[in-house]
Amino acid sequence: MDAVGATIRVQTADFDIAAESRALGADRTDIGGMASFVGLVRGTASGRPISSMTLEHYPGMTERALGAIGDAATQRFELQGCTVIHRVGILLPGDQIVLVLTAAPHRQAALDGCAFLIDWLKTRAPFWKKERFADGTESWVDAREADDVTAERWGRL
Amino acid sequence: MDAVGATIRVQTADFDIAAESRALGADRTDIGGMASFVGLVRGTASGRPISSMTLEHYPGMTERALGAIGDAATQRFELQGCTVIHRVGILLPGDQIVLVLTAAPHRQAALDGCAFLIDWLKTRAPFWKKERFADGTESWVDAREADDVTAERWGRL
Amino acid sequence: MRILYFAWLRERVGLGEEQVDLPAGIADVAGLIAWLRTRGPGFEAAFAQGRLVRCAVNQDFAGPDAAIAPGDEVAFFPPVTGG
Amino acid sequence: MRILYFAWLRERVGLGEEQVDLPAGIADVAGLIAWLRTRGPGFEAAFAQGRLVRCAVNQDFAGPDAAIAPGDEVAFFPPVTGG
């Protein structure tokens with residue numbers, strides 16, 4: 001299986017999914033497929049236009065939580081590797097927020113591992129979003145009940 | 001919803017998932033997430049090393065089948081768009097074979113649409129793979145029973 | 001009628017595409033296959049493994065009962081293995 | 001003990017981080033919260049909405065019964081909204 005383990009990064013800079021895919025697959029030919037999810041900043045929230053979104057996190061715990069989730073996904077779905085990159089700071093509508101990328105010998109494991117990672121990341125990784133609306137007001141994003149329910153289907157870690 | 005519909009390409013050239021993501025999201029800020037699957041050529045088949053893989057297809061029917069599957073996925077999962085690129089010709093171990101990329105307001109639709117597309121593509125799109133082993137022998141890849149079963153869970157198109 | 005062969009069917013039959021005049025009385029895919037099998041050992045070998053041959057009529061998947069007519073494009077191939 | 005506050009808790013409390021000497025007799029998260037609420041209107045406002053406050057002790061999620069001790073790092077924050 002030769003898993004390379006989880007690559008975890010929290011950064012203000014943007015990421016390039018093609019470069020991350022190449023890095024994950026570098027120097028190996030046993031990967032059958034890679035699945036990914038990229039979250040983007042939407043231009044509206046509750047129907048109101050937003051001008052930007054600020055992402056705050058808990059340094060230290062974030063990397064720890066993401067690392068634990070990455071390792072759990074690697075074991076559970078027998079991934080050959082996974083990459084999780086989460087941006088922080090000020091982002092604009094259309095910007096990339098998060099990348100989850102998984103590699104496995106067969107597609108189902110890659111797809112399931114990717115869905116698992118993004119579900120858990122949304123409910124267990126210490127990030128918080130604040131939206132700035134076009135009218136200048138700001139508001140912290142509420143956690144979605146639906147995300148907890150979605151994460152529950154994977155069972156407790 | 002403002003769906004852009006399915007982008008379908010069959011080509012010998014490689015593809016760049018970052019460029020395809022940018023193209024799918026160009027000039028819009030209503031996409032919440034994109035999911036993708038990339039299939040890769042593995043270096044072994046049934047435990048034997050392969051030197052290359054040749055992909056043959058049915059010109060005309062391929063584009064038609066992929067277009068129909070793309071449109072069905074767009075409607076069913078309310079995608080904001082999807083891209084399917086399938087390579088043909090001679091590929092080497094580690095090469096990219098296929099890209100499925102979906103965009104949706106929320107992650108579940110993007111992830112489900114992506115899984116649906118790759119499952120159906122594997123069972124309904126007229127492509128055939130021939131493996132060339134390191135010892136010079138060649139062999140057509142057998143269709144996997146498991147792929148038919150996986151595709152069945154989505155019901156009939 | 002235009003007939004296409006792909007993958008190992010193409011290799012067994014020895015050609016990828018041909019134009020044929022359909023004999024009278026052949027009205028469906030099963031009838032076409034029965035006739036093709038009489039056209040030589042390559043055809044016989046290709047279609048002997050009947051269970052693993054798939055068919056498309058005018059680029060849509062078609063079963064043995066599917067109707068065919070002169071002017072149709074009929075393709076024979078193994079189960080698909082793309083993706 | 002190091003205490004961290006994030007997101008709207010940070011804004012209500014008015015600081016992101018502080019070092020406190022834990023009063024004697026406080027041994028769990030619930031006890032710490034009860035004491036923090038006495039420290040001013042900002043703290044009172046932040047922790048009044050108790051149901052929506054999450055806690056981590058030494059960077060692991062922790063419930064109200066979780067034990068705490070001097071030297072621990074305790075963080076309070078709203079339910080997470082990343083991804």
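The chains referred to below are lettered A, B, ... by the order of the sequence lines, with proteins before strands, and numbering in each begins at 1. The structure displayed is predicted, hence computed values, not measured ones.
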Point to revise | Taking every non-hydrogen atom, the tightest pair across D/E11 and A/W140 | key: OE1-NE1, 2.8 Å
Point to revise | Under 3.5 Å: donor-acceptor pair, side chain of A/H86, backbone of D/G82 | key: no
**Study point:** Residue pair D/F77, A/H57: steps toward the side-chain contact (heavy atoms from CB on, under 4.5 Å) verdict
**Key:** CA-CA 10 Å; D/F77 43 78; A/H57 76 123; over 6 Å; no
Review point. Using non-hydrogen atoms only, which part of A/D119 is less than 4.5 Å away from chain D: side chain, backbone, both, or neither?
Key: neither
Exercise for review: Measure across D/T81 and A/V141 and return the closest heavy-atom pair with its distance rounded to 0.1 Å.
Suggested key: CG2-O, 3.3 Å
Check your understanding: Non-hydrogen atoms of chain D under 4.5 Å away: do they reach the side chain of A/K122, the backbone, both or neither?
Key -> both
Practice item. Inspect the surroundings of CG in A/D135 and state if more than 12 heavy atoms from other residues, nucleotides or ligands are less than 6.0 Å away. Key: yes
Review point. Less than 4.5 Å apart, any side-chain heavy atom of D/E73 and any of A/M61?
Key: no
Study note, to complete from the structure: Note: vs chain A, highest number of non-hydrogen pairs under 4.5 angstrom among D/P78, D/G16, D/A7 is D/A7
**Study point:** For the student: nearest non-hydrogen atoms of D/V80 and A/W128, plus distance
**Key:** CA-NE1, 3.7 Å
Point to revise | A/L92, CG atom: more than 12 neighbouring heavy atoms under 6.0 Å | key: yes
Practice item. Carefully, step by step, assess A/Y58 and D/Q59 under the rule side-chain contact (heavy atoms from CB on, under 4.5 Å). Key: CA-CA 9 Å; A/Y58 180 173; D/Q59 305 188 352; 3.7 Å; yes
Study note, to complete from the structure: If one checks every heavy atom of D/A56 against chain A at 4.5 Å, the contacting part turns out to be side chain
